[in-house]
Amino acid sequence: MPFKWQRIGTCDARQVLLNCYPARMRRGALLLTVFLPDLLHAQWTMQKSPAVASLRGIHNVGKGVAWASGTNGTVLNTRDDGESWKACAIPPGAEQLDFRSVQAFDAKTAIVMSSGKGDLSRVYQTTDGCQTWSLLFTNPDPEGFWDAIRFENRRTGVLIGDPVGDFFTIFWTTDGGRTWKRFREAGVRVTSSKQSIFAASNSALLIDAGRLYFVTGGGATALFAVVLDARCTGCQPIAATHPPLATGETAGGFSLAMRREGKRLILVAVGGDYKVPEARDGTAATWTDGHWTASGVSPGGYRSAVAYVPEIQAWLAVGPTGTDRSQDEGRNWRAVGSESSEDKGWNALSFPFVVGVNGKIGKWENRKRLRQ
(Lines give C-alpha, C1' and ligand atoms only; values in the text may rest on other atoms or scores of the structure.)
Protein backbone atom coordinates (compact mmCIF):
# COMPACT_ATOMS: atom_id res chain seq x y z
CA MET A 1 0.00 0.00 0.00
CA PRO A 2 1.52 3.38 -0.97
CA PHE A 3 2.19 5.89 1.76
CA LYS A 4 0.00 9.00 1.89
CA TRP A 5 1.73 12.21 2.88
CA GLN A 6 -0.19 14.94 4.64
CA ARG A 7 0.66 18.57 3.88
CA ILE A 8 0.66 20.97 6.82
CA GLY A 9 1.78 24.52 6.22
CA THR A 10 4.44 24.90 3.53
CA CYS A 11 5.98 21.44 3.84
CA ASP A 12 4.58 17.99 3.30
CA ALA A 13 5.75 15.20 5.59
CA ARG A 14 8.47 14.08 3.21
CA GLN A 15 9.97 17.57 3.13
CA VAL A 16 9.65 17.92 6.90
CA LEU A 17 11.76 14.84 7.48
CA LEU A 18 14.27 16.36 5.07
CA ASN A 19 14.13 19.63 7.04
CA CYS A 20 12.20 21.25 4.15
CA TYR A 21 15.07 20.91 1.75
CA PRO A 22 13.91 20.35 -1.84
CA ALA A 23 12.47 16.86 -2.09
CA ARG A 24 14.25 16.26 -5.41
CA MET A 25 17.58 14.65 -4.72
CA ARG A 26 20.52 14.30 -7.06
CA ARG A 27 20.01 11.36 -9.40
CA GLY A 28 22.69 9.13 -10.77
CA ALA A 29 25.00 9.62 -7.81
CA LEU A 30 26.95 6.51 -7.07
CA LEU A 31 26.35 5.16 -3.57
CA LEU A 32 29.49 3.34 -2.45
CA THR A 33 29.10 0.65 0.17
CA VAL A 34 32.11 0.26 2.44
CA PHE A 35 32.78 -3.41 2.99
CA LEU A 36 34.34 -4.28 6.28
CA PRO A 37 35.95 -7.48 7.50
CA ASP A 38 33.55 -10.19 8.61
CA LEU A 39 32.18 -9.37 12.06
CA LEU A 40 30.36 -12.62 12.67
CA HIS A 41 32.90 -13.73 15.25
CA ALA A 42 33.20 -10.40 17.02
CA GLN A 43 31.47 -10.22 20.36
CA TRP A 44 31.01 -7.99 23.35
CA THR A 45 33.63 -8.25 26.07
CA MET A 46 31.95 -8.50 29.46
CA GLN A 47 32.74 -5.72 31.95
CA LYS A 48 32.90 -6.19 35.70
CA SER A 49 29.60 -4.73 36.87
CA PRO A 50 28.82 -3.74 40.47
CA ALA A 51 25.07 -4.18 39.84
CA VAL A 52 22.56 -7.01 39.51
CA ALA A 53 19.74 -4.74 38.37
CA SER A 54 18.24 -4.82 34.90
CA LEU A 55 20.07 -2.01 33.10
CA ARG A 56 17.98 -0.04 30.58
CA GLY A 57 19.92 3.22 30.18
CA ILE A 58 23.45 3.76 28.86
CA HIS A 59 25.16 6.94 27.67
CA ASN A 60 28.76 7.10 26.51
CA VAL A 61 29.85 10.73 26.96
CA GLY A 62 33.32 10.17 25.52
CA LYS A 63 36.86 10.64 26.85
CA GLY A 64 36.44 7.50 28.96
CA VAL A 65 33.21 8.64 30.67
CA ALA A 66 29.97 6.64 30.49
CA TRP A 67 26.86 6.30 32.67
CA ALA A 68 24.31 3.48 33.04
CA SER A 69 20.97 3.17 34.85
CA GLY A 70 18.37 0.57 35.74
CA THR A 71 15.97 -0.90 38.25
CA ASN A 72 15.96 -0.34 42.03
CA GLY A 73 17.35 3.18 41.71
CA THR A 74 20.56 1.91 40.13
CA VAL A 75 23.00 4.35 38.54
CA LEU A 76 26.56 3.44 37.52
CA ASN A 77 29.41 5.31 35.94
CA THR A 78 32.93 4.81 34.62
CA ARG A 79 35.71 7.35 34.14
CA ASP A 80 38.29 4.98 32.67
CA ASP A 81 36.49 3.71 29.56
CA GLY A 82 35.01 0.71 31.31
CA GLU A 83 38.07 -0.55 33.14
CA SER A 84 36.03 -0.08 36.32
CA TRP A 85 32.39 0.80 37.01
CA LYS A 86 31.24 2.52 40.20
CA ALA A 87 27.84 2.21 41.85
CA CYS A 88 26.40 5.67 42.54
CA ALA A 89 24.48 6.84 45.56
CA ILE A 90 20.76 6.11 45.12
CA PRO A 91 18.75 9.31 44.64
CA PRO A 92 16.51 10.15 47.64
CA GLY A 93 13.29 8.14 47.61
CA ALA A 94 14.35 6.22 44.49
CA GLU A 95 15.10 2.79 45.99
CA GLN A 96 12.18 1.21 44.10
CA LEU A 97 12.31 3.34 40.96
CA ASP A 98 13.14 2.04 37.49
CA PHE A 99 15.63 4.37 35.82
CA ARG A 100 15.02 3.61 32.15
CA SER A 101 16.93 6.67 30.96
CA VAL A 102 20.23 8.42 31.60
CA GLN A 103 21.60 11.50 29.85
CA ALA A 104 25.07 12.60 30.90
CA PHE A 105 27.19 15.64 30.09
CA ASP A 106 30.54 14.88 31.73
CA ALA A 107 32.06 12.90 34.60
CA LYS A 108 30.19 14.93 37.22
CA THR A 109 26.87 15.90 35.62
CA ALA A 110 24.07 13.56 34.61
CA ILE A 111 20.28 13.34 34.55
CA VAL A 112 18.29 10.15 35.12
CA MET A 113 14.60 9.56 34.45
CA SER A 114 12.45 6.85 36.00
CA SER A 115 9.47 5.23 34.29
CA GLY A 116 6.35 4.34 36.21
CA LYS A 117 2.73 5.31 36.69
CA GLY A 118 2.10 8.79 38.01
CA ASP A 119 4.69 10.09 40.47
CA LEU A 120 6.88 7.03 39.92
CA SER A 121 8.05 8.89 36.82
CA ARG A 122 10.69 11.39 37.98
CA VAL A 123 13.79 13.29 36.86
CA TYR A 124 16.88 13.60 39.08
CA GLN A 125 20.19 15.37 38.50
CA THR A 126 23.69 15.09 39.93
CA THR A 127 26.46 17.66 39.53
CA ASP A 128 29.07 16.07 41.80
CA GLY A 129 29.71 12.73 40.15
CA CYS A 130 26.59 11.05 41.68
CA GLN A 131 27.50 11.53 45.31
CA THR A 132 24.29 13.53 45.76
CA TRP A 133 21.13 14.02 43.70
CA SER A 134 18.44 16.68 43.31
CA LEU A 135 14.84 15.93 42.32
CA LEU A 136 14.08 18.18 39.34
CA PHE A 137 10.64 17.10 38.17
CA THR A 138 7.86 14.66 39.12
CA ASN A 139 5.11 13.52 36.77
CA PRO A 140 2.06 15.75 37.40
CA ASP A 141 -0.31 13.31 35.64
CA PRO A 142 -1.62 10.54 37.96
CA GLU A 143 -2.24 8.30 34.93
CA GLY A 144 0.90 9.29 33.06
CA PHE A 145 3.95 7.14 32.29
CA TRP A 146 7.25 8.59 31.05
CA ASP A 147 9.25 6.78 28.38
CA ALA A 148 12.33 8.73 27.27
CA ILE A 149 14.36 11.88 27.82
CA ARG A 150 16.87 13.44 25.42
CA PHE A 151 18.99 16.58 25.44
CA GLU A 152 20.16 18.36 22.31
CA ASN A 153 22.68 20.30 24.39
CA ARG A 154 23.20 21.16 28.05
CA ARG A 155 20.15 23.44 28.12
CA THR A 156 17.57 22.07 25.70
CA GLY A 157 15.90 18.74 26.40
CA VAL A 158 12.66 16.88 25.74
CA LEU A 159 10.81 14.37 27.91
CA ILE A 160 8.11 12.20 26.38
CA GLY A 161 5.53 9.80 27.79
CA ASP A 162 2.50 7.71 26.98
CA PRO A 163 -0.72 9.51 26.05
CA VAL A 164 -2.84 11.19 28.70
CA GLY A 165 -6.26 11.51 27.14
CA ASP A 166 -5.88 11.82 23.37
CA PHE A 167 -2.43 13.42 23.34
CA PHE A 168 1.12 12.23 23.88
CA THR A 169 2.74 13.70 26.97
CA ILE A 170 5.64 15.97 25.99
CA PHE A 171 7.57 18.34 28.23
CA TRP A 172 10.62 20.38 27.31
CA THR A 173 13.26 22.42 29.09
CA THR A 174 15.55 25.25 27.99
CA ASP A 175 17.44 25.64 31.28
CA GLY A 176 19.07 22.25 31.66
CA GLY A 177 16.12 20.58 33.36
CA ARG A 178 15.49 23.01 36.21
CA THR A 179 12.05 23.88 34.82
CA TRP A 180 9.81 22.04 32.35
CA LYS A 181 7.00 23.27 30.07
CA ARG A 182 4.23 21.10 28.72
CA PHE A 183 3.53 21.07 25.00
CA ARG A 184 0.18 22.64 24.32
CA GLU A 185 -2.65 20.12 24.27
CA ALA A 186 -3.33 20.62 20.58
CA GLY A 187 0.11 19.21 19.91
CA VAL A 188 0.53 15.50 19.24
CA ARG A 189 -2.69 13.52 19.01
CA VAL A 190 -2.69 9.72 19.12
CA THR A 191 -3.91 7.83 16.07
CA SER A 192 -5.18 4.84 18.05
CA SER A 193 -6.67 4.36 21.50
CA LYS A 194 -3.92 1.91 22.49
CA GLN A 195 -1.00 3.71 20.88
CA SER A 196 1.99 4.12 23.18
CA ILE A 197 5.75 4.63 23.37
CA PHE A 198 8.00 1.85 24.61
CA ALA A 199 10.44 2.72 27.42
CA ALA A 200 12.85 -0.01 26.37
CA SER A 201 16.17 1.79 25.93
CA ASN A 202 15.63 5.57 26.00
CA SER A 203 15.99 5.58 22.22
CA ALA A 204 12.42 5.88 20.94
CA LEU A 205 13.06 9.66 20.91
CA LEU A 206 15.58 11.77 18.97
CA ILE A 207 16.33 15.49 18.83
CA ASP A 208 18.10 16.91 15.80
CA ALA A 209 18.40 20.44 14.41
CA GLY A 210 15.44 21.80 16.33
CA ARG A 211 13.16 18.87 15.58
CA LEU A 212 12.13 15.92 17.67
CA TYR A 213 11.29 12.53 16.24
CA PHE A 214 9.66 9.67 18.11
CA VAL A 215 8.44 6.22 17.17
CA THR A 216 5.39 4.46 18.65
CA GLY A 217 3.80 1.06 18.96
CA GLY A 218 0.94 -0.54 20.84
CA GLY A 219 -2.23 0.32 18.98
CA ALA A 220 -0.45 1.93 16.01
CA THR A 221 3.14 1.96 14.76
CA ALA A 222 4.12 5.45 13.61
CA LEU A 223 6.90 8.00 13.44
CA PHE A 224 6.14 11.59 14.42
CA ALA A 225 8.22 14.66 13.57
CA VAL A 226 7.68 17.84 15.61
CA VAL A 227 9.34 21.25 15.42
CA LEU A 228 10.67 22.79 18.63
CA ASP A 229 10.06 26.53 18.72
CA ALA A 230 11.27 28.75 21.56
CA ARG A 231 8.41 31.17 20.91
CA CYS A 232 5.78 28.68 22.03
CA THR A 233 5.47 25.94 24.61
CA GLY A 234 5.25 23.37 21.87
CA CYS A 235 4.34 23.17 18.22
CA GLN A 236 1.92 20.94 16.41
CA PRO A 237 3.29 17.83 14.73
CA ILE A 238 4.12 18.51 11.12
CA ALA A 239 4.67 14.97 9.92
CA ALA A 240 3.50 11.47 10.71
CA THR A 241 4.55 8.39 8.77
CA HIS A 242 4.07 4.66 9.27
CA PRO A 243 7.20 2.50 9.18
CA PRO A 244 6.67 -1.14 8.14
CA LEU A 245 7.31 -2.57 11.59
CA ALA A 246 5.37 -5.11 13.62
CA THR A 247 1.99 -4.05 14.97
CA GLY A 248 0.07 -5.15 18.04
CA GLU A 249 -0.40 -4.33 21.69
CA THR A 250 3.15 -5.46 22.57
CA ALA A 251 4.73 -4.63 19.23
CA GLY A 252 5.88 -1.68 17.17
CA GLY A 253 8.84 0.63 16.99
CA PHE A 254 11.15 0.61 20.02
CA SER A 255 14.21 2.53 18.92
CA LEU A 256 15.19 5.17 16.39
CA ALA A 257 18.58 6.35 15.12
CA MET A 258 19.73 8.69 12.37
CA ARG A 259 22.67 9.87 10.36
CA ARG A 260 23.12 12.57 7.75
CA GLU A 261 24.90 12.71 4.41
CA GLY A 262 24.92 16.45 3.84
CA LYS A 263 21.26 17.43 3.56
CA ARG A 264 20.17 13.82 3.22
CA LEU A 265 18.55 12.33 6.32
CA ILE A 266 18.61 8.57 6.97
CA LEU A 267 16.49 7.07 9.76
CA VAL A 268 16.57 3.47 10.94
CA ALA A 269 13.87 2.16 13.26
CA VAL A 270 13.92 -1.23 15.01
CA GLY A 271 11.44 -3.10 17.15
CA GLY A 272 9.21 -6.12 16.80
CA ASP A 273 7.13 -7.85 19.46
CA TYR A 274 8.82 -8.05 22.87
CA LYS A 275 6.51 -10.90 23.89
CA VAL A 276 7.80 -12.93 20.90
CA PRO A 277 11.51 -11.96 20.97
CA GLU A 278 12.66 -14.48 18.36
CA ALA A 279 10.17 -13.40 15.68
CA ARG A 280 11.99 -11.62 12.83
CA ASP A 281 9.06 -10.08 10.96
CA GLY A 282 8.76 -6.32 11.22
CA THR A 283 11.91 -5.80 13.27
CA ALA A 284 13.67 -3.10 11.19
CA ALA A 285 12.92 -0.44 8.59
CA THR A 286 14.76 2.45 6.91
CA TRP A 287 13.52 5.91 5.95
CA THR A 288 15.42 7.71 3.22
CA ASP A 289 14.62 9.89 0.21
CA GLY A 290 11.01 10.27 1.31
CA HIS A 291 9.82 6.76 2.00
CA TRP A 292 10.14 3.75 4.29
CA THR A 293 11.64 0.41 3.25
CA ALA A 294 11.31 -2.78 5.26
CA SER A 295 14.51 -4.74 5.80
CA GLY A 296 15.13 -7.48 3.28
CA VAL A 297 17.12 -9.59 5.73
CA SER A 298 15.81 -8.70 9.17
CA PRO A 299 17.61 -8.74 12.52
CA GLY A 300 17.45 -12.04 14.38
CA GLY A 301 14.45 -11.10 16.49
CA TYR A 302 12.97 -8.23 18.47
CA ARG A 303 15.48 -5.39 18.86
CA SER A 304 15.19 -2.74 21.58
CA ALA A 305 18.01 -0.39 20.52
CA VAL A 306 19.76 0.73 17.33
CA ALA A 307 22.64 3.12 16.61
CA TYR A 308 24.80 4.21 13.72
CA VAL A 309 28.49 3.73 14.52
CA PRO A 310 30.77 5.97 12.43
CA GLU A 311 33.88 4.08 13.55
CA ILE A 312 32.78 0.99 11.67
CA GLN A 313 30.50 2.73 9.14
CA ALA A 314 27.68 0.40 10.09
CA TRP A 315 24.47 0.20 12.10
CA LEU A 316 24.19 -2.00 15.20
CA ALA A 317 20.95 -3.29 16.73
CA VAL A 318 20.68 -5.15 20.04
CA GLY A 319 18.02 -7.08 21.89
CA PRO A 320 17.37 -10.07 24.11
CA THR A 321 18.38 -12.58 21.43
CA GLY A 322 21.61 -10.92 20.36
CA THR A 323 23.23 -8.30 18.15
CA ASP A 324 23.01 -7.54 14.43
CA ARG A 325 24.82 -5.14 12.14
CA SER A 326 23.97 -3.58 8.79
CA GLN A 327 26.32 -2.01 6.25
CA ASP A 328 23.61 -0.95 3.78
CA GLU A 329 21.57 1.56 5.79
CA GLY A 330 19.50 -1.03 7.62
CA ARG A 331 18.22 -2.85 4.55
CA ASN A 332 19.94 -6.12 5.44
CA TRP A 333 21.28 -7.38 8.76
CA ARG A 334 23.78 -10.05 9.84
CA ALA A 335 24.22 -11.57 13.27
CA VAL A 336 27.21 -10.51 15.36
CA GLY A 337 28.67 -12.69 18.09
CA SER A 338 28.01 -16.21 19.25
CA GLU A 339 25.06 -18.19 20.54
CA SER A 340 26.34 -18.03 24.11
CA SER A 341 24.33 -16.32 26.82
CA GLU A 342 27.05 -13.66 27.12
CA ASP A 343 26.07 -12.32 23.70
CA LYS A 344 22.36 -12.12 24.56
CA GLY A 345 20.07 -10.36 26.98
CA TRP A 346 20.77 -6.79 25.85
CA ASN A 347 18.50 -3.78 26.41
CA ALA A 348 20.31 -0.59 25.40
CA LEU A 349 23.29 0.59 23.36
CA SER A 350 25.65 3.58 23.39
CA PHE A 351 28.72 2.49 21.47
CA PRO A 352 31.08 0.99 22.49
CA PHE A 353 28.94 -0.03 25.48
CA VAL A 354 25.86 -2.19 25.72
CA VAL A 355 23.82 -3.04 28.84
CA GLY A 356 21.22 -5.63 29.73
CA VAL A 357 19.70 -7.97 32.27
CA ASN A 358 21.25 -8.83 35.63
CA GLY A 359 23.65 -5.88 35.54
CA LYS A 360 25.32 -6.98 32.28
CA ILE A 361 27.68 -4.49 30.65
CA GLY A 362 29.55 -5.24 27.45
CA LYS A 363 32.17 -3.32 25.51
CA TRP A 364 33.15 -3.60 21.86
CA GLU A 365 36.88 -3.91 22.53
CA ASN A 366 37.99 -4.75 18.99
CA ARG A 367 36.33 -1.80 17.25
CA LYS A 368 39.70 -0.35 16.10
CA ARG A 369 40.45 -3.49 14.09
CA LEU A 370 37.21 -3.48 12.10
CA ARG A 371 38.33 -1.11 9.35
CA GLN A 372 41.01 -1.82 6.76
Side-chain angles (χ1 to χ4, degrees), residues 1-25 147-148 150 158 160 162-163 166-168 170 183 186-198 200 203-228 234-248 251-261 263-273 281-296 298 303 306 308 315 317 326 329-331:
M1 179 181 297
F3 292 109
K4 295 181 179 180
W5 300 93
Q6 180 181 5
R7 179 175 291 276
I8 301 177
T10 59
C11 301
D12 64 20
R14 179 189 312 189
Q15 292 171 314
V16 166
L17 290 174
L18 291 171
N19 281 354
C20 291
Y21 295 121
R24 185 179 60 190
M25 305 299 290
D147 298 293
R150 289 277 188 163
V158 174
I160 195 165
D162 286 344
D166 294 329
F167 298 91
F168 285 101
I170 305 177
F183 267 44
V188 187
R189 182 185 291 272
V190 299
T191 60
S192 168
S193 61
K194 295 183 178 180
Q195 193 172 22
S196 62
I197 303 167
F198 291 110
S203 57
L205 169 68
L206 290 176
I207 306 179
D208 177 72
R211 285 169 170 79
L212 69 89
Y213 305 85
F214 66 95
V215 65
T216 71
T221 301
L223 170 81
F224 290 89
V226 183
V227 169
L228 292 173
C235 294
Q236 294 188 18
I238 52 177
T241 67
H242 299 280
L245 296 173
T247 59
F254 284 72
S255 179
L256 189 65
M258 67 167 59
R259 79 177 187 92
R260 290 186 178 275
E261 289 183 344
K263 296 180 179 180
R264 188 183 189 219
L265 173 67
I266 301 166
L267 293 170
V268 172
V270 301
D273 189 333
D281 292 341
T283 54
T286 301
W287 192 97
T288 185
D289 295 343
H291 61 87
W292 284 101
T293 303
S295 295
S298 299
R303 293 294 177 259
V306 64
Y308 179 72
W315 301 77
S326 172
E329 310 297 12
R331 295 178 179 87

Would you indicate whether the side-chain heavy atoms of [Y] and [X] approach each other to under 4.5 Å?
X	Y	answer
Glu329	Trp315	yes
Val158	Ile170	yes
Leu205	Phe224	no
Val190	Phe167	no
Asp208	Arg260	yes
Phe214	Ile160	yes
Leu267	Leu223	yes
Ile266	Glu261	yes

Contacts of Asp166 meeting salt bridge (Lys or Arg N to Asp or Glu O under 4.0 Å) (sequence neighbours excluded), chain-then-number -> Arg189
Can you sort out the partners of Phe198 under ring-ring contact (aromatic ring centres under 6.0 Å, His included), two or more places apart, ordered by chain and number?
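Scan of Phe198 (ring-ring contact (aromatic ring centres under 6.0 Å, His included), adjacent residues dropped) gives Phe254.
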Say whether Gln195 and Thr216, considering side chains only, have a donor N or O and an acceptor N or O under 3.5 Å apart.
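Yes, because at least one side-chain N or O of Gln195 sits under 3.5 Å from a partner of the opposite role on Thr216.
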State, without any angle test, whether Thr241 and Trp292 hold a side-chain donor-acceptor pair at a distance under 3.5 Å.
yes
What pairs with [X] under side chain to side chain donor-acceptor pair (under 3.5 Å), at least two apart in sequence or on another chain?
X	result
Ser192	none
Thr288	Arg264
Asp147	none
Ser326	Asp328

Pairs touching residues 219-228 that satisfy side chain to side chain donor-acceptor pair (under 3.5 Å), sequence neighbours left out:
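Listed by first then second residue: nothing to list.
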My understanding is that only residues two or more places apart in sequence, or in another chain, count here; which of them pass side chain to side chain contact (heavy atoms under 4.5 Å, CB included) with Ser295?
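Per chain and number, Ser295 pairs via side chain to side chain contact (heavy atoms under 4.5 Å, CB included) with Ala284, Ser298, Trp333.
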So, using side chain to side chain contact (heavy atoms under 4.5 Å, CB included) as the criterion, who are the partners of Ala204 when residues are at least two apart?
Ile197, Val215
What heavy-atom pair brings Ser203 and Ser255 nearest, and what distance separates the two atoms?
OG-OG, 2.7 Å
With side chain to side chain contact (heavy atoms under 4.5 Å, CB included) as the test, would you mind laying out the steps for Val306 and Leu256 before giving the verdict?
CA-CA 6 Å; Val306 64; Leu256 189 65; 5.8 Å; no
